[in-house]
Amino acid sequence: MVRLKQRADFLAAASGTKVATAAFVLQGRWRGDAGPARIGFTVSRKVGTAVERNRVRRRLRDVVRRSAADGLRAGCDYVLVGRRTALSRQFDQMIEDFGNALRRIERGARKPGR
RNA sequence: UCAGUCGGCCGGACGGCCGCUCCGGCAGGGACCGAAAGGUCGCCGGGGAGGAAAGUCCGGGCUCCACGGAUCAACGGUGCCGGAUAACGUCCGGCGGGGCCCAGCCCUUCGGGGCGACGCUUCAGGGAAAGUGCCACAGAGAACGAACCGCCGCGGCACGUAGCGUAUCGUCGCGGUAAGGGUGAAAAGGUGCGGUAAGAGCGCACCGCGCCGGCGGCAACGUCGGCGGCACGGCAAACCCCACCGGGAGCAAGACCGAAUAGGGACGGCACGGGAGCAAUCCCGGGAUCGGUCCGGAUCUCGCCGUCCGGGUAGGUUGCUUGAGGCGCCGGGCAACCGGCGUCCCAGAGGAAUGGCCGUCACGCGUGCGGUUCUCCGCGCGCUCUACAGAACCCGGCUUACAGGUCGGCUGAUACG
RNA sequence: GGCCACGUGGCGGAGUGGUUACGCAACGGUCUGCAAAACCGUGUACCCCGGUUCAAUUCCGGGCGUGGCCU
């Protein structure tokens, strides 16, 4: 899994297509080159203490890792913004949420033409 | 055995599947990203959050800046004494003060009041006779002490009671007085006896306070004796004085590598800021330097292209974990702690690893059913299945948060001997 | 990670060791046919816990919260 690390990449992804689910918000942006898909995670301080924020990020990371082969398109950047419900939501449920969100990103990214 | 309190220690265990990161070893050949610096991608073995990692409240190491060194001033901090320590506002031991309990002693109008060994507990605990300042309201008076009501004496008035020169009461004036009332957070040594017109350290006893001296102790201080009759209210977490300590910033410190773009410098070529004018020249701007500053002035300069150079931003590498280190034994010390010997290497991330999912068990909590006088026992279900909480350069402390377990001390209750 | 400020009624915002200004808002009244404006009046606060002091919102210590800077 290639991670997003630069602040500028996060800001660019935030301007792309967004899909909200119960445990996270998925942001996607087509980067325009042939490199591998990159994933970034954002968990703000509003979510909770450092322990809870770490746990949210780790669970989301494993959600992506378990379904990475499925819907990720090369040349795209994705950012998952964690929410507090990611602490307690069923893990299988979150994997399903992620798949659905990816398909909606696909349609949404094509429709406006960018 | 149970409960409370204080202190120390621990703070889930085992297993399966899939991952992350660092170190060592083996391969050392390529592939990918990037303009470069550099980074990513194998196999095997091993390591991988805390007692608070937290708050950032103190003290250091380390790094840079300033600096020849020292002293003083300013500012900030600390504040009984001794010790521990690299250092500290921390820790240990002692001293002193306050509070509680109380053996006992003293006084008593027999109601009570004062002192108080030992014990428990608590204290940011230098100096208020160097100075300045403050002490609201109430109260007569709040800090070179003060007469409101009182109390007492003397004198005048009035002669009402009594009575024939005095007593008592009333009133006015002068004086004495800190016993009593009242105000207040605080009223100028306390209690008792004597004393007195009434009172008063006026005198005495005990206690308190101050000064001097002896003795004990490294010291803080204690104790004994004498003197003073009391002169010295509180606040320094008010200014301040005294003693001691402190240069400033912080790993986003700092070091190295280093684009793109803009800007700087040097050299070369063309051109010589804008306007008027054929031109000399005049007018209007911008920038730099000079004189301490402003105004004013003087001098130099202004564009384009190319090559090279240095600083430096993004980014990357490093700093980055062996340290006032852990564990064990022995020795010293009341203790904090110190010394010696042996042994071990024990997280190093960087949009940030140390995990995700699942199973079994232990424990706890909640709940239901059954047994049971209760305590409790058995079974089932639920819990993010665990409290507080996540290293960010590293140590020593402090403070704050914390389910539960365990060990020891003390106090109390109950049962048995 | 580090550094630094600030918490005063519903909101903004002064101030001080001794009963906290002021403005807006709210409520009640006067005025009006009804309202607005104007005028009069009322209520509501010193973030929390300890300490110093006779007395703390103020001084000191600790906690909690909010905001800013260093990139």
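Letters A, B, ... mirror the listed sequences (proteins, then strands); counts begin at 1.
- Taking atom C1' in both rG195(B) and rA167(B), the straight-line distance is 26 Å, to the nearest Å.
- Comparing rG51(B) with rC26(B), their P atoms are spaced 36 Å from each other, to the whole Å.
- Using a 90° window around 0 for the glycosidic torsion, rG51(B) falls inside it and is classed as syn.
- The glycosidic torsion of rG45(B) lies more than 90° away from 0, placing the base in the anti range.
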So Met94(A) and Thr21(A), side chain to side chain contact (heavy atoms under 4.5 Å, CB included) or not? Walk me through it.
-> CA-CA 9 Å; Met94(A) 293 211 302; Thr21(A) 70; over 6 Å; no

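- A donor-acceptor contact under 3.5 angstrom links the side-chain atoms of Thr42(A) to the base of rG351(B).
- Base pairing of rG285(B): its partner is rC302(B), meeting the Watson-Crick or G-U wobble criterion (both donor-acceptor distances under 3.5 Å).
- Under a 3.5 Å cut-off, the side chain of Thr17(A) and the backbone N or O of Ile105(A) do not form any donor-acceptor pair.
- The separation between Asn54(A) atom CG and rG351(B) atom C1' is 12 Å, rounded to whole Å.
- On the P atoms, rC152(B) is 49 Å away from rA238(B), given to the nearest whole Å.
- Minimum atom distance to the side chain of Arg57(A) is reached by rA353(B), of the listed rG19(B), rG356(B), rA353(B).
- In this structure, rG89(B) forms no base pair with any nucleotide, since neither Watson-Crick nor G-U wobble geometry is met with both distances under 3.5 Å.
- With its glycosidic angle more than 90° from 0, rA74(B) is assigned anti.
- Using P as the reference atom, rC10(B) and rC72(B) are 49 Å apart when rounded to the nearest Å.
- The pair Asp62(A)-Arg65(A) meets the salt-bridge criterion, with a side-chain N (NZ, NE, NH1 or NH2) lying under 4.0 Å from an Asp/Glu carboxylate O.
- Note: CD (Gln90(A)) to P (rC383(B)) measures 9 Å, nearest angstrom.
- Spacing of C1' atoms, rC345(B) relative to rG24(B), comes out at 14 Å, to the nearest Å.
- Checking rG390(B), rC357(B), rG19(B) against the side-chain heavy atoms of Arg59(A) singles out rC357(B) as nearest.
- Using N1 to N3 plus N6-O4 or O6-N4 for Watson-Crick, or N1-O2 and O6-N3 for G-U wobble, each under 3.5 Å, rU313(B) pairs with nothing.
- Summarising the base pairing, rG228(B) is matched to rC209(B) through a Watson-Crick or G-U wobble pair whose two defining distances lie under 3.5 Å.
- Counting to the nearest Å, the P atom of rU384(B) and the CG atom of Leu87(A) are 11 Å from each other.
- In this structure, Phe41(A) places its CZ atom 13 Å from C1' of rG355(B), rounding to the nearest Å.
- Base pairing of rG131(B): its partner is rC239(B), meeting the Watson-Crick or G-U wobble criterion (both donor-acceptor distances under 3.5 Å).
- Base orientation of rA231(B): syn, since the glycosidic angle falls within 90° of 0.
- No contact: Ser88(A) has no heavy atom under 4.0 Å from any strand.
- Taken from CD1 in Ile39(A) to CG in Leu60(A), the straight-line distance is 10.5 Å, to the nearest 0.5 Å.
- Looking at Arg59(A), its side chain does come within 3.5 Å of a backbone N or O of Leu87(A) through a donor-acceptor pair.
- Not a single donor-acceptor pair, N or O on each side, falls under 3.5 Å between the base of rC18(B) and the side chain of Arg66(A).
- For rC346(B), the base adopts the syn conformation, since its glycosidic angle falls within 90 degrees of zero.
- At least one side-chain nitrogen or oxygen of Arg58(A) sits closer than 4.0 Å to the OP1 or OP2 atom of rU354(B).
- Counting to the nearest Å, the P atom of rU384(B) and the CD atom of Gln93(A) are 18 Å from each other.
- With C1' as the reference atom, rU63(B) and rC407(B) are 47 Å apart, rounded to whole Å.
- Taking atom CG of Leu80(A) as the reference point, atom P of rG356(B) lies 17 Å away to the nearest angstrom.
- Within the 3.5 Å criterion, the main-chain N or O of Lys18(A) finds no donor-acceptor partner in the side chain of Arg104(A).
- Phosphate proximity of rG356(B) to Arg55(A): present, with a side-chain N or O under 4.0 Å from OP1 or OP2.
- Only the P atoms considered, rC305(B) is 22 Å distant from rA259(B), to the nearest whole Å.
- For rG263(B), there is no paired base (Watson-Crick or G-U wobble, both distances below 3.5 Å).
- If you measure from atom CG of Leu60(A) to atom C1' of rC20(B), you get 16 Å, rounded to the nearest angstrom.
- Base pairing of rC410(B) is made with rG4(B), judged by Watson-Crick or G-U wobble geometry with both donor-acceptor distances under 3.5 Å.
- Distances were taken from every side-chain heavy atom of Arg61(A) (C-beta onward) to each of rA389(B), rU354(B), rG356(B); the shortest belongs to rU354(B).
- Between rG189(B) and rA243(B), the distance separating the two P atoms is 36 Å to the nearest Å.
- At whole-Å resolution of the value, CG in Asp77(A) and C1' in rG351(B) are 13 Å apart.
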Tell me, with the steps shown, if Phe98(A) and Leu80(A) meet side chain to side chain contact (heavy atoms under 4.5 Å, CB included).
-> CA-CA 10 Å; Phe98(A) 184 63; Leu80(A) 274 86; 4.1 Å; yes

For Leu26(A) and Tyr78(A), what are the C-alpha separation, side-chain angles and deciding distance, and is it a side chain to side chain contact (heavy atoms under 4.5 Å, CB included)?
-> CA-CA 7 Å; Leu26(A) 180 65; Tyr78(A) 299 95; 4.2 Å; yes

